[in-house]
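Residues: numbered from 1 along the sequence shown.
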Amino acid sequence: YTDAFHIAVPRSFSNERAQNSIILLRRSLFAEPTEVEVPADGWEAGDLLLLRCQVHQGPEIALASFHGDTNGLLTVPMLSKVWQHVPVSRLGFGLD
């Protein structure tokens, strides 16, 4: 996979839990992404991943993934925190 995709995992990736957010980006479409740090506020290490990405021949965007066992209770507070740290005007977000 590493030949075709950037495999992005949070710096706070947890080996103790089997619930970490990851994002795969096709190398032919995206430059190397950089992680944007968002301080955890009730969720566990590895639950949230926010990336800054340059689309080849296109705009800079932010992509995020959240996978937390919060029964939806932290969705609004987490989105508010992410919105405070989004480095660009375009955001794609996946929630589980």
Side-chain angles (χ1 to χ4, degrees):
Y1 288 100
T2 58
D3 288 343
F5 296 95
H6 299 290
I7 303 172
V9 298
R11 283 187 286 267
S12 61
F13 186 91
S14 172
N15 287 322
E16 305 298 315
R17 301 173 60 241
Q19 295 190 13
N20 292 284
S21 288
I22 64 167
I23 297 176
L24 299 175
L25 298 171
R26 186 172 296 278
R27 289 180 182 274
S28 63
L29 298 176
F30 294 94
E32 184 78 31
T34 56
E35 184 176 358
V36 177
E37 189 68 34
V38 178
D41 190 10
W43 53 88
E44 300 292 327
D47 284 351
L48 176 65
L49 177 60
L50 176 59
L51 300 176
R52 183 178 198 148
C53 313
Q54 179 67 49
V55 178
H56 293 310
Q57 309 299 319
E60 187 172 47
I61 63 171
L63 296 173
S65 172
F66 181 70
H67 180 82
D69 273 340
T70 65
N71 293 323
L73 298 175
L74 289 179
T75 301
V76 171
M78 179 272 307
L79 286 171
S80 295
K81 266 295 197 207
V82 167
W83 195 247
Q84 293 172 8
H85 292 84
V86 170
V88 295
S89 62
R90 294 182 170 110
L91 172 64
F93 206 117
L95 294 167
D96 176 18

Between S14 and E44, is any pair of side-chain heavy atoms under 4.5 Å apart?
no
Hey, does P33 have a side-chain heavy atom less than 4.5 Å from the side chain of L25?
yes
Once you round to the nearest 0.5 Å, how far does CG of N20 lie from CZ of F13?
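The CG atom of N20 sits 4.0 Å away from the CZ atom of F13.
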Straight-line distance of Q54 CD to E32 CD, nearest 0.5 Å:
13.0 Å
Let me check something: do [X] and [Y] share a hydrophobic cluster, defined by ILVMFWY side-chain heavy atoms less than 4.5 Å apart, either directly or through other members?
X   : Y   : answer
L74 : V82 : yes
F66 : L63 : no
L29 : V55 : yes
L48 : V88 : no

Please tell me whether E37 and H85 have a donor and an acceptor in their side chains that are separated by less than 3.5 angstrom.
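No, because no side-chain N or O of E37 sits under 3.5 Å from a partner of the opposite role on H85.
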Side-chain donor/acceptor of S65 to backbone N/O of L49, under 3.5 Å
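Checking the backbone N and O of L49 against the side chain of S65, no donor-acceptor pair under 3.5 Å is found.
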Are any side-chain N or O atoms of H6 and backbone N or O atoms of F30, one a donor and one an acceptor, separated by less than 3.5 Å?
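Answer holds: yes.
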For residues [X] and [Y], report the shortest heavy-atom separation together with the two atoms involved.
X   : Y   : result
S12 : A45 : O-CB, 3.3 Å
A62 : P87 : CB-CD, 4.2 Å
A64 : L50 : CB-CD1, 3.9 Å
L51 : E35 : CD2-CA, 3.9 Å

Assess whether atom CD of E16 is packed by more than 12 heavy atoms of other residues, nucleotides or ligands within 6.0 Å.
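12 or below, so no.
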Count the heavy atoms of every other residue, nucleotide or ligand shown that sit under 6.0 Å from CZ of R27, and state whether that count exceeds 12.
yes
Go through W43 and V38 one step at a time and tell me if the side chain to side chain contact (heavy atoms under 4.5 Å, CB included) criterion holds.
CA-CA 11 Å; W43 53 88; V38 178; 4.3 Å; yes
Could you walk me through whether L91 and W83 pass side chain to side chain contact (heavy atoms under 4.5 Å, CB included), step by step?
CA-CA 9 Å; L91 172 64; W83 195 247; 4.0 Å; yes
Are L79 and F93 close enough, and set up right, to give a side chain to side chain contact (heavy atoms under 4.5 Å, CB included), and what steps lead you there?
CA-CA 10 Å; L79 286 171; F93 206 117; 3.8 Å; yes
Go through it in stages, so that I can follow the logic: the residues are K81 and M78, the test is side chain to side chain contact (heavy atoms under 4.5 Å, CB included), and I'd like the CA-CA distance, side-chain angles, deciding distance and then a yes or no.
CA-CA 5 Å; K81 266 295 197 207; M78 179 272 307; 5.6 Å; no
